[in-house]
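Here the structure comes first, spelled out in structure tokens, and everything after it is commentary.
Everything quoted here is computed from the prediction, not taken from an experiment.
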Amino acid sequence: MPRSLSLLVLPLALMACGGQADDVQAAADDGALPFTVTTVADLDSPWAMTFLPDGRLLITEKRGRLLLMNPADAQFKDVSGIPPVDSAVQGGLMDVVLHPKFAENGWIYFSYSARAADGKGVVLARGRFVDGASPALVDVTELFRATPFVSGSGHYSGRIAFSPDGHLFFTNGERQKFDPAQDPKATLGKVLRLNDDGTPAAGNPLAARGFHPAIWSYGHRNLLGIAFDAEGNLWEQEMGPEGGDEVNLILPGRNYGYPRVSNGSHYGGAPIPDHSPGDGYEAPKLWWNPSISPGGLMIYSGAMFPQWQGDAFIGGLSGQALIRVALNGTDARKGDQWDMGMRIREAEQGPDGAIWLIEDGTEGGQGKLMKLTPKQG
């Protein structure tokens, strides 16, 4: 069970960004962080979070628990109604997102990994939030499941984002199977565009070519962050193989190349051709080698850090970092990379513009919920 903690301010050091180092800007010459880090709560392997309109916070834990927290007192309640999840290895309860009209319909969307007779896969579901002393999701419905289900417990992805026009975008990882990312009939290794009831959206760009009707883009590996900016551009980050972690601008119908091209290599050192001009594949806007193992993607719009409005924030898992990417229209460049000394799974913007982070921890071990605010003085 999560425990609320006495507030603890953590001193941290700044580190330079790896890969394409000439694009990196340090936050401060003296190495001082531009924010104060306050640890708010202790969690068990959290994976994602989202804020309710009243400022309370929903948090998923990998083993299948949905928690409701009031930041005013850091007290938690369990939210019932989550179906059984398969939490082996990279599986578990994953993303959680509100419907754009949550205030009217109460729908909360979530993703999780499930086991079936034909293997395992990621599932998209929703439930209606009922508040009170014992909060719950009711009318829980499975909306979409990856196809096909396969063996193994890796690369589920499962990130959710709503577009400005109300469509639901959902990521399916290639499940460490490589070739499905290029298979037009499989949803694995794809960004999907759905209606809010989970059905494939009309007008998806590849359906007329015989692709699965939900596919928006393909040739992806493990897509662990997806978000729309204020201009309506869709940004995505994914873990590459050994090196080659990517930030992509997602365009309809494009092939992002995996496993045929990548700026990384296969584990064990077997080469993969790099992206190159004219190869027919959409190249990443940014890439990292060595890997940072990116987790989560948030585009900042708050008032607390006005200098970062419109920029993207990415957690680093193996990189143990918080990473800022400067966005300008459809261009991106590396900004800051701050050493956090822990696996950062996700960044989220709070109602007041503070930046909230979750430490991944390990299953059955510790994770943290943290709040970043500007340094005073």
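Under a 3.5 Å cut-off, the side chain of Asp42 and the backbone N or O of Lys368 do not form any donor-acceptor pair. Judged purely by atom type and a 3.5 angstrom limit, Asn204 uses its side chain to pair as donor or acceptor with the backbone of Pro213. Side chain of Ser217 to backbone of Ile250: no donor-acceptor contact under 3.5 angstrom is found. The backbone N or O of Arg63 lies less than 3.5 Å from no partner atom in the side chain of Ser87, so there is not a single donor-acceptor pair. The backbone N or O of Asp183 sits less than 3.5 Å from a side-chain atom of Lys190, completing a donor-acceptor pair. A donor-acceptor pair is defined here as one N or O able to donate and one able to accept, closer than 3.5 Å; such a pair exists between the side chain of Thr60 and the backbone of Ala48. A donor-acceptor distance shorter than 3.5 angstrom exists from the side chain of Arg175 to the backbone of Lys120, with no hydrogens or angles considered. For Glu174 (side chain) and Ala181 (main-chain N/O), no donor-acceptor pair under 3.5 Å exists by modelled atom type. Between the side chain of Arg221 and the backbone N or O of Gly240 there is at least one donor-acceptor pair closer than 3.5 Å. In this structure a side-chain-to-backbone donor-acceptor pair under 3.5 Å is present from Lys334 to Trp287.
Between Gly329 and Glu231 the shortest heavy-atom distance is CA-OE1, 3.6 Å. Listed here is the closest heavy atom pair of Ala270 and Ser265: O-CB, 3.5 Å. Across all their heavy atoms, Leu327 and Ala332 have their closest contact at CD2-CB, 3.7 Å. Considering every non-hydrogen atom in both Ser113 and Asp86, the closest pair reads OG-O, 2.5 Å. The two residues Asp139 and Arg128 make their nearest non-hydrogen contact at OD2-NE, 3.8 Å. Nearest heavy atom pair, residue Ser318 against residue Ser291, reads OG-O, 4.0 Å.
Atom CG of Asp229 and atom CD1 of Ile299 lie 5.0 Å apart (nearest 0.5 Å). With values rounded to the nearest 0.5 angstrom, Lys285 atom NZ is found 5.5 Å from Leu249 atom CG. To the nearest 0.5 Å, atoms CZ (Arg343) and CD (Gln320) are separated by 8.0 Å. The NZ atom of Lys77 sits 12.0 Å away from atom OG of Ser80, with the distance rounded to the nearest 0.5 Å. Taking CG of Asn255 as the start and OH of Tyr281 as the end, the distance is 6.0 Å to the nearest 0.5 Å. Atoms CD1 and CZ, on Ile82 and Phe110 in that order, are 4.0 Å from each other to the nearest 0.5 Å.
Residues satisfying the salt bridge (Lys or Arg N to Asp or Glu O under 4.0 Å) criterion with Glu242, sequence neighbours excluded, are absent altogether. Applying the ring-ring contact (aromatic ring centres under 6.0 Å, His included) criterion to Trp235, with sequence neighbours excluded, gives no partner residue.
Contact of the Asp131 side chain with the Phe129 side chain is registered, since non-hydrogen atoms from C-beta on lie closer than 4.5 Å. Leu297 is not listed as a side-chain neighbour of Arg159, based on a closest heavy-atom distance of 4.5 Å or more. Side-chain atoms of Glu61 and Leu67, non-hydrogen and from C-beta on, do get closer than 4.5 Å to each other. By the 4.5 Å heavy-atom criterion applied to side chains, His275 and Asn263 are counted as neighbours. For the pair Phe149 and Val123, the minimum side-chain heavy-atom distance is below 4.5 Å. Residues Val37 and Phe35 meet the side-chain proximity criterion, which asks for heavy atoms closer than 4.5 Å. Between Val140 and Pro83, some side-chain heavy-atom pair lies under the 4.5 Å cut-off. Counting heavy atoms from C-beta on, the side chains of Gln182 and Pro259 come closer than 4.5 Å.
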Give the C-alpha distance, both sets of side-chain angles, the deciding distance and a yes or no for side chain to side chain contact (heavy atoms under 4.5 Å, CB included) between Leu372 and Leu357.
CA-CA 8 Å; Leu372 309 188; Leu357 305 179; 3.9 Å; yes

Walk me through it: do His266 and Ile272 pass the test side chain to side chain contact (heavy atoms under 4.5 Å, CB included)?
CA-CA 7 Å; His266 289 298; Ile272 305 173; 3.4 Å; yes

The test is side chain to side chain contact (heavy atoms under 4.5 Å, CB included); show your working for Leu52 and Leu68 and say whether it passes.
CA-CA 9 Å; Leu52 294 175; Leu68 175 65; 3.6 Å; yes

Check against side chain to side chain contact (heavy atoms under 4.5 Å, CB included), Gln237 and Val325:
CA-CA 11 Å; Gln237 61 80 356; Val325 172; over 6 Å; no

Quick one: do Asn222 and Gln176 satisfy side-chain hydrogen bond (donor to acceptor under 3.5 Å, both in side chains)? Show the steps, please.
CA-CA 8 Å; Asn222 191 15; Gln176 297 175 308; over 6 Å; no

Could you go through the side-chain hydrogen bond (donor to acceptor under 3.5 Å, both in side chains) check for Glu246 and Asn248 one step at a time?
CA-CA 6 Å; Glu246 299 178 354; Asn248 292 298; 3.0 Å; yes

Report the C-alpha distance between Thr147 and Lys185 in whole Å, list the side-chain angles of each, state the deciding distance to 0.1 Å, and finish with yes or no for side-chain hydrogen bond (donor to acceptor under 3.5 Å, both in side chains).
CA-CA 8 Å; Thr147 182; Lys185 300 298 185 182; over 6 Å; no

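Asp196 pairs with exactly one of Lys101, His99, His167 by the side chain to side chain donor-acceptor pair (under 3.5 Å) rule, that one being His99.
Hydrophobic cluster membership differs between Leu43 and Val96, with clusters built from Ile, Leu, Val, Met, Phe, Trp and Tyr side chains linked at under 4.5 angstrom. One hydrophobic cluster, built from ILVMFWY side chains closer than 4.5 Å, cannot hold both Leu58 and Met69; they sit in different ones. Leu98 and Leu57 fall into different hydrophobic clusters, where Ile, Leu, Val, Met, Phe, Trp and Tyr side chains are chained together by heavy-atom contacts under 4.5 Å. Val247 and Ile323 fall within a single hydrophobic cluster, where Ile, Leu, Val, Met, Phe, Trp and Tyr are joined by side-chain heavy atoms under 4.5 Å apart, directly or via other members. Placement of Ile292 and Ile226 within a single hydrophobic cluster is found when ILVMFWY residues are connected by side-chain heavy-atom separations under 4.5 Å, directly or transitively.
In Asn328, the CG atom is not crowded: 12 or fewer heavy atoms of neighbouring residues, nucleotides or ligands sit closer than 6.0 Å. Atom CZ of Arg56 has more than 12 heavy atoms from other residues, nucleotides or ligands within 6.0 Å.
Using bins of under 30°, 30° to 60° and over 60° for the plane-to-plane angle, the ring pair Trp308/Trp338 lands in the tilted bin.
Listed by chain and number, the hydrophobic cluster partners of Leu317 are Trp47, Met94, Val97, Trp107, Tyr109, Val122, Leu124, Leu143, Phe144, Tyr156, Ile160, Phe162, Leu168, Phe170, Leu192, Leu194, Leu206, Phe211, Ile215, Tyr218, Leu224, Met239, where partners are ILVMFWY side chains within reach of under 4.5 Å, directly or through others.
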